[in-house]
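Report on one structure; see the data block that follows.
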Amino acid sequence: MRLATWNINSIRSRADRVLAFLERSGTDVLALQETKCKDEQFPRAGFEAAGYEVATFGLSQWNGVAIVSRVGLADVEQGFAGQPTFAAPTLEPVVEARAIGATCGGVRVWSLYVPHGRAVEDPHFAYKLEWLAQLKAQAEGWLTGDPAAQIALVGDWNVAPKDTDVWDLAAFAGLTHITPAERAAFAAFAAAGYTEVTREHVPEDRKYTYWDYQQLRFPRNEGMRIDFAYASPALAARTTGVEIDRNERKGKGASDHVPVILDLAD
DNA sequence: ATGACTCATTACATGAGA
């Protein structure tokens, strides 16, 4: 089975690209982030015509996550238990559309769009840390008592765990994504028993998953590695390979992130 | 070339992204 994750930066702008990717890569289950549309606006028809089921969680033009699968899609959950809320200025707190779970081909898949944080002194940053802490608390519970659990926590984590996961550490001084607090929140999933399988299979430096649209970041390979896949022990044992599909950043109309693809043994 | 931001909005400028 092939399981992929991709921050698509608007599904309505790139549905054709995603359909072509599914066909070319032979991906069975795709977790999407930043779909940037409400559920009723999601372009489902093309996916269903291609033989995929679709589960979405979108509330507005911000955030939005989805899972598409051709190996079954059951027990959909929009958001996770205990997911922190966020209050935009002048608005009531809401559970944002940043997490959706579904069981696909025997794997409990979570498509995750971790809050950005914006700036270390911004309320969004504390929200980010709490969001990760609460997700970790839930994810720890999903593992207990079931050594055979097949769980994949995949998506845009908005954390660069290693100094070499950004193109120039000095350029990030004082900014989010590289702080010890964020890295500790990310590492807590490993302490809880999950394995970050993309690092295991692609350990080399400068294997980025995101390049800013500005300042020729992609042709210069000045990117960030922030899209990851934490796997439960049984799922990690099944993971035979990982590919970061760098070619998807090329050309007109690319997302600023590329797909990360996991190969799972039957 | 892999190329000089992009997306969505009761839009025409603003907020968000990282």
Side-chain angles (χ1 to χ4, degrees), chain A residues 5-18 20-21 32-43 56-66 86-91 94 96-98 112-129 131-132 155-179 181-183 185-186 206-228 243-260:
Chain A
T5 182
W6 195 2
N7 178 318
I8 197 60
N9 185 21
S10 171
I11 188 61
R12 286 178 289 175
S13 292
R14 274 178 262 289
D16 290 348
R17 229 183 215 267
V18 176
F21 164 76
L32 292 163
Q33 300 88 39
E34 276 209 91
T35 52
K36 288 187 166 178
C37 65
K38 298 176 185 178
D39 291 335
E40 61 268 28
Q41 297 173 310
F42 194 100
T56 64
F57 183 25
L59 299 171
S60 69
Q61 74 270 40
W62 306 121
N63 316 307
V65 285
F86 185 72
T90 77
L91 297 178
V94 293
E96 295 185 309
R98 294 181 177 275
L112 304 168
Y113 179 43
V114 175
H116 174 283
R118 298 180 184 163
V120 292
E121 68 277 7
D122 193 293
H124 210 259
F125 186 79
Y127 167 56
K128 177 183 193 173
L129 296 179
W131 201 95
L132 284 166
D156 176 359
W157 291 76
N158 267 321
V159 177
K162 294 175 62 182
D163 289 353
T164 50
D165 291 335
V166 294
W167 58 275
D168 178 8
L169 191 61
F172 285 82
L175 302 182
T176 60
H177 292 62
I178 51 99
T179 67
E182 289 164 280
R183 288 174 171 178
F186 183 84
R206 292 176 69 79
K207 295 291 189 185
Y208 303 126
T209 63
Y210 161 90
W211 298 259
D212 198 294
Y213 286 122
Q214 304 185 58
Q215 297 182 264
L216 293 171
R217 291 295 185 224
F218 181 57
R220 291 175 171 155
N221 196 29
E222 296 174 344
M224 303 173 73
R225 185 168 180 172
I226 53 178
D227 298 271
F228 298 103
E243 178 191 349
I244 298 172
D245 192 356
R246 196 174 183 284
N247 283 334
E248 275 296 343
R249 185 62 179 78
K250 297 178 182 179
K252 186 173 166 60
S255 171
D256 42 5
H257 294 251
V258 293
V260 179

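Lettering of chains follows the sequences in order, A, B, ..., and the numbering in each one begins at 1.
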(message) Give me each pair satisfying salt bridge (Lys or Arg N to Asp or Glu O under 4.0 Å) with a member in residues 114-123 of chain A, each pair once, sequence neighbours excluded.
(response) none
(request) Return each pair, listed once, that meets salt bridge (Lys or Arg N to Asp or Glu O under 4.0 Å) where at least one residue sits in residues 214-224 of chain A; pairs must be two or more places apart or across chains. (result)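 Sorted pair list: A/Arg217-A/Glu222.
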Could you tell me how far apart [X] ([atom1]) and [N] ([atom2]) are, to the nearest whole angstrom?
X: A/Phe42; N: B/dA8; atom1: CZ; atom2: P; result: 13 Å
X: A/Arg17; N: B/dT6; atom1: CZ; atom2: C1'; result: 13 Å
X: A/Lys250; N: B/dA1; atom1: NZ; atom2: P; result: 12 Å
X: A/Trp211; N: B/dT6; atom1: CH2; atom2: C1'; result: 17 Å
X: A/Lys252; N: B/dG3; atom1: NZ; atom2: C1'; result: 13 Å

(request) Give a yes/no on whether any side-chain N or O of A/Ser13 is located under 4.0 angstrom from OP1 or OP2 of B/dT6. (result) no
If I pick the [atom1] atom on [M] and the same atom on [N], what distance separates them, to the nearest angstrom?
N: B/dA11; M: B/dT6; atom1: C1'; value: 15 Å
N: B/dT10; M: B/dC5; atom1: P; value: 27 Å
N: B/dC7; M: B/dA18; atom1: P; value: 14 Å
N: B/dA8; M: B/dC12; atom1: C1'; value: 14 Å

By ring-ring contact (aromatic ring centres under 6.0 Å, His included) - contacts of [X] (at least two apart):
X: A/Phe186; answer: A/Trp157, A/Phe228, A/Tyr230
X: A/Phe125; answer: none
X: A/Phe57; answer: none

(request) Have a look at A/Arg225 and say if it touches a base, only the backbone sugar-phosphate, or nothing, with a 4.0 Å heavy-atom cut-off. (result) nothing
(request) Could I get the full list of salt bridge (Lys or Arg N to Asp or Glu O under 4.0 Å) partners for A/Arg14, not counting sequence neighbours? (result)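 Salt bridge (Lys or Arg N to Asp or Glu O under 4.0 Å) list for A/Arg14, sorted by chain: empty.
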(request) Sugar-phosphate atoms are those with a prime plus P, OP1 and OP2; base atoms are the rest. Using that split, label each nucleotide of nucleotides 9-18 of chain B B, S or - for protein heavy atoms under 4.0 Å, 5' to 3'. (result) S-----BSSB
Report all side-chain donor-acceptor pairs from residues 164-172 of chain A shorter than 3.5 Å, counting only partners two or more places apart or in another chain.
from	atom 1	to	atom 2	distance (Å)
A/Thr164	OG1	A/Asp205	OD1	3.0
A/Asp165	OD1	A/Arg199	NH1	2.9
A/Asp165	OD1	A/Arg199	NH2	3.4
A/Asp165	OD2	A/Lys162	N	2.8
A/Asp165	OD2	A/Arg199	NH2	2.6
A/Asp168	OD1	A/Ala170	N	3.2

(request) Taking Watson-Crick and G-U wobble pairs with both distances under 3.5 Å, convert DNA chain B into its dot-bracket string, 5' to 3', dots for unpaired and | for cross-strand pairs. (result) ....(((((...))))).
(message) Checking side-chain contact (heavy atoms from CB on, under 4.5 Å) between A/Asp156 and each of A/Ile8, A/Leu112, A/Asn7, A/Thr5, which is the one that passes?
(response)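 Passing option: A/Asn7.
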(message) Please report the interatomic distance CG(A/Asp212) to CG(A/Asp256), rounded to the nearest 0.5 Å.
(response)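 One finds 7.0 Å between CG of A/Asp212 and CG of A/Asp256.
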